[in-house]
Enquirer: 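Supplied in structure tokens, the structure appears directly below.
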Amino acid sequence: MRAIYVLPEDGGLVNGVPFSDLSYSDMVVPELDISYFIDKNFAVETIVGTTAHTIYGQGSLAGLDVGEVWILPFTVTIQYHFDGFGKFKPYVGAGPNYTVFYNQSEHNVAGLDVKNAWGFALQAGFDLMIDQHWGINVDVKKVFVKPNFDVVVGGSHLTGTADLNPWLIGTGVSYRF
């Protein structure tokens, strides 16, 4: 169990709107990650957590409060755990991500529809073991995901791409069976 700080990368564009840009709110939420060790060095990890983020216009859209969307990132990473460091257990990982956008609500626009999208995740982290089973975990993931969206602003139907690419920075307690 970890607490994660979800820090989306501000960026994106609205097609046909020169100098448009987007930004997104950050959020801290609980997260559950489940790792299955294939052997002493390789593990498969999946994460369970969901966050809500507000979308804002930037650039030529500065001041536009677009709306809020909930995000559910299905992420699976294959991890390599280094050995020979005693109680310090570092690892790196990579794998696919499929992000689902749900419970979307508009603020100063209409018809907000952020599309589900495939992406890719990289991670690095470590467990600092307290005893044979319990440890402190620190984990950083970078998820590369750029969903497309539809929105109606001032009666005009617009499309674009949200460059979310969030950092997931987490810390928590680990338990090894």
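Worth saying up front: this structure is predicted, and the values here are computed from it rather than measured.
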Enquirer: Can you tell me if Gln79 and Gln123 form a side-chain donor-acceptor pair at under 3.5 Å?
Expert: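 Yes - a donor-acceptor pair under 3.5 Å links their side chains.
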
Enquirer: As an exercise, state the distance from OG of Ser35 to NE2 of His81, rounded to the nearest 0.5 Å.
Expert: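 Reported to 0.5 Å precision, the distance equals 5.5 Å.
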
Enquirer: What distance separates Leu112 CG from Leu158 CG, expressed to the nearest 0.5 Å?
Expert: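 Result: 11.5 Å between the selected atoms.
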
Enquirer: Grab the two heavy atoms, one from Phe101 and one from Ala117, that are nearest each other, plus how far apart they are.
Expert: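 That would be CE1-N, 4.3 Å.
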
Enquirer: Over all heavy atoms of both residues, which pair between Gly49 and Pro73 is shortest? Give the atoms and the distance, please.
Expert: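 Closest heavy-atom pair between Gly49 and Pro73: O-CD, 3.3 Å.
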
Enquirer: Distance from Phe42 atom CZ to Ile78 atom CD1, nearest 0.5 Å?
Expert: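 Result: 9.0 Å between the selected atoms.
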
Enquirer: Side chains of Val48 and Glu31, heavy atoms from C-beta outward: is any pair under 4.5 Å?
Expert: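 Not touching, per the 4.5 Å side-chain cut-off.
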
Enquirer: Nearest heavy-atom pair of Asp21 and Gly59: which atoms, and what distance?
Expert: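 Shortest heavy-atom contact: CB-N, 4.2 Å.
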
Enquirer: Kindly assign one of parallel, tilted or perpendicular to the pair Tyr175 and His133, based on the angle between their ring planes and the thresholds 30° and 60°.
Expert: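 Parallel: the ring planes of Tyr175 and His133 meet at under 30°.
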
Enquirer: Are a donor atom and an acceptor atom from the side chains of Tyr5 and Asp26 found within less than 3.5 Å of each other?
Expert: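 The answer is yes; a qualifying pair exists.
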
Enquirer: If hydrophobic clusters are built by linking Ile, Leu, Val, Met, Phe, Trp and Tyr wherever their side-chain heavy atoms come under 4.5 Å apart, do Phe82 and Phe88 end up in the same one?
Expert: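 Per the 4.5 Å side-chain linkage, Phe82 and Phe88 are co-clustered.
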
Enquirer: Quick one: pull up CZ in Phe144 and CD in Glu9 and give me the separation to the nearest 0.5 Å.
Expert: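 Atom-to-atom, Phe144:CZ and Glu9:CD are 8.0 Å apart.
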
Enquirer: Could you give me the CA-CA distance, side-chain angles and deciding distance for Phe74 and Ile47, then say whether side-chain contact (heavy atoms from CB on, under 4.5 Å) is met?
Expert: CA-CA 7 Å; Phe74 294 102; Ile47 60 174; over 6 Å; no

Enquirer: Is it true that Ile55 and Val109 fall in one hydrophobic cluster, defined by side-chain heavy atoms closer than 4.5 Å?
Expert: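 Yes, it is one cluster - the side chains of Ile55 and Val109 are joined through contacts under 4.5 Å.
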
Enquirer: Decide whether Val140 and Val145 are clustered together by the hydrophobic rule: side chain heavy atoms of Ile, Leu, Val, Met, Phe, Trp, Tyr closer than 4.5 Å, transitively.
Expert: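 Val140 does not cluster with Val145.
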
Enquirer: Let me see the working for Asp113 and Gln104 under side-chain contact (heavy atoms from CB on, under 4.5 Å), right down to the final yes or no.
Expert: CA-CA 7 Å; Asp113 184 18; Gln104 302 179 43; 4.1 Å; yes

Enquirer: Give, for atom NZ of Lys141 and atom OG1 of Thr77, the distance between the pair rounded to the nearest 0.5 Å.
Expert: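 Spacing of NZ (Lys141) from OG1 (Thr77) equals 6.0 Å.
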
Enquirer: Please set out all donor-acceptor pairs under 3.5 angstrom arising from side-chain atoms of residues 93-100, sequence neighbours excluded.
Expert:
residue	atom	partner	partner atom	Å
Asn97	OD1	Thr99	OG1	2.6
Asn97	ND2	Thr75	OG1	2.7

Enquirer: Okay, side chain of Lys89, backbone of Asp83: is any donor-acceptor separation there less than 3.5 Å?
Expert: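 No, because the side chain of Lys89 does not come within donor-acceptor range (under 3.5 Å) of the backbone of Asp83.
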
Enquirer: Would you say the side chain of Val173 lies within less than 4.5 Å of the side chain of Asn137, judging by non-hydrogen atoms?
Expert: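 They are not in side-chain contact.
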
Enquirer: Could you walk me through whether Tyr56 and Tyr24 pass the ring-ring contact (aromatic ring centres under 6.0 Å, His included) test, one step at a time?
Expert: CA-CA 6 Å; Tyr56 303 99; Tyr24 320 97; 8.8 Å; no

Enquirer: Using the benzene-type ring in the case of Trp, are the ring centres of Tyr91 and Phe126 under 6.0 Å apart?
Expert: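 No; Phe126 has its ring centre 6.0 Å or more from that of Tyr91.
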
Enquirer: Could you tell me if the side chain of Arg2 sits less than 4.5 Å from the side chain of Pro30, heavy atoms only?
Expert: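 No; the side chains remain at least 4.5 Å from each other.
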
Enquirer: Are there over 12 heavy-atom neighbours, none belonging to Lys146, within less than 6.0 Å of that residue's NZ?
Expert: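 Count not over threshold, so no.
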
Enquirer: Does Ile71 offer a backbone N or O that forms a donor-acceptor pair with the side chain of Thr50 under 3.5 Å?
Expert: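 Here the side-chain-to-backbone pair exists.
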
Enquirer: Linking I/L/V/M/F/W/Y whenever any side-chain heavy atoms sit under 4.5 Å apart, do Val29 and Leu168 land together?
Expert: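 Yes, one cluster joins them.
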
Enquirer: Decide whether Leu7 and Met27 are clustered together by the hydrophobic rule: side chain heavy atoms of Ile, Leu, Val, Met, Phe, Trp, Tyr closer than 4.5 Å, transitively.
Expert: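 They do not share one cluster, since no chain of ILVMFWY contacts under 4.5 Å joins Leu7 to Met27.
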
Enquirer: Among side-chain atoms of Asn148 and Thr161, is any donor-acceptor pair under 3.5 angstrom?
Expert: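 Yes.
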
Enquirer: So which atom in Glu106 and which in Gly111 form the shortest heavy-atom distance, rounded to 0.1 Å?
Expert: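 Residues Glu106 and Gly111, closest heavy atoms: OE2-N, 3.2 Å.
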
Enquirer: Kindly give the heavy-atom pair with the smallest separation between Val6 and Pro166, and that separation in Å.
Expert: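 Minimum heavy-atom contact is CG1-CB, 4.3 Å.
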
Enquirer: Within the structure provided, determine whether Pro147 and Leu164 are in side-chain contact (heavy-atom separation under 4.5 Å).
Expert: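 Yes - at least one pair of side-chain heavy atoms lies under 4.5 Å apart.
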
Enquirer: For side-chain contact (heavy atoms from CB on, under 4.5 Å), just list the numbers for Arg176 and Met129, CA-CA rounded to whole Å, side-chain angles, deciding distance to a tenth of an Å, and then say yes or no.
Expert: CA-CA 9 Å; Arg176 291 188 180 198; Met129 300 308 294; 4.1 Å; yes

Enquirer: To the nearest 0.5 Å, tell me how far Leu13 CG sits from Ser60 OG.
Expert: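 Interatomic distance, Leu13 CG to Ser60 OG, rounded to 0.5 Å: 10.5 Å.
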
Enquirer: If you apply the rule side-chain contact (heavy atoms from CB on, under 4.5 Å), what do you find for Leu22 with Gln58, and how did you get there?
Expert: CA-CA 5 Å; Leu22 300 169; Gln58 297 294 321; 5.8 Å; no

Enquirer: Does some side-chain heavy atom of His157 sit less than 4.5 Å from a side-chain heavy atom of Asp150?
Expert: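 A side-chain contact under 4.5 Å exists here.
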
Enquirer: With heavy-atom distances below 4.5 Å as the criterion, would you say the side chains of Thr46 and Tyr36 are in contact?
Expert: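 Answer no - side chains too far apart.
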
Enquirer: Any side-chain heavy atom of Pro90 sitting closer than 4.5 Å to one from Phe85?
Expert: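 Yes. Closest side-chain heavy atoms under 4.5 Å.
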
Enquirer: Does Glu68 reach the side chain of His107, with side-chain heavy atoms less than 4.5 Å apart?
Expert: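 A side-chain contact exists here, since the closest heavy-atom pair is under 4.5 Å.
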
Enquirer: More than 12 foreign heavy atoms under 6.0 Å from CZ of Phe19: is that the case here?
Expert: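 It does not: Phe19 CZ has 12 such atoms or fewer within range.
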
Enquirer: Using every non-hydrogen atom in the two residues, find where Val151 and Phe149 come nearest and quote the distance to one decimal.
Expert: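 Reported closest heavy-atom pair: CG1-CE1, 4.0 Å.
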
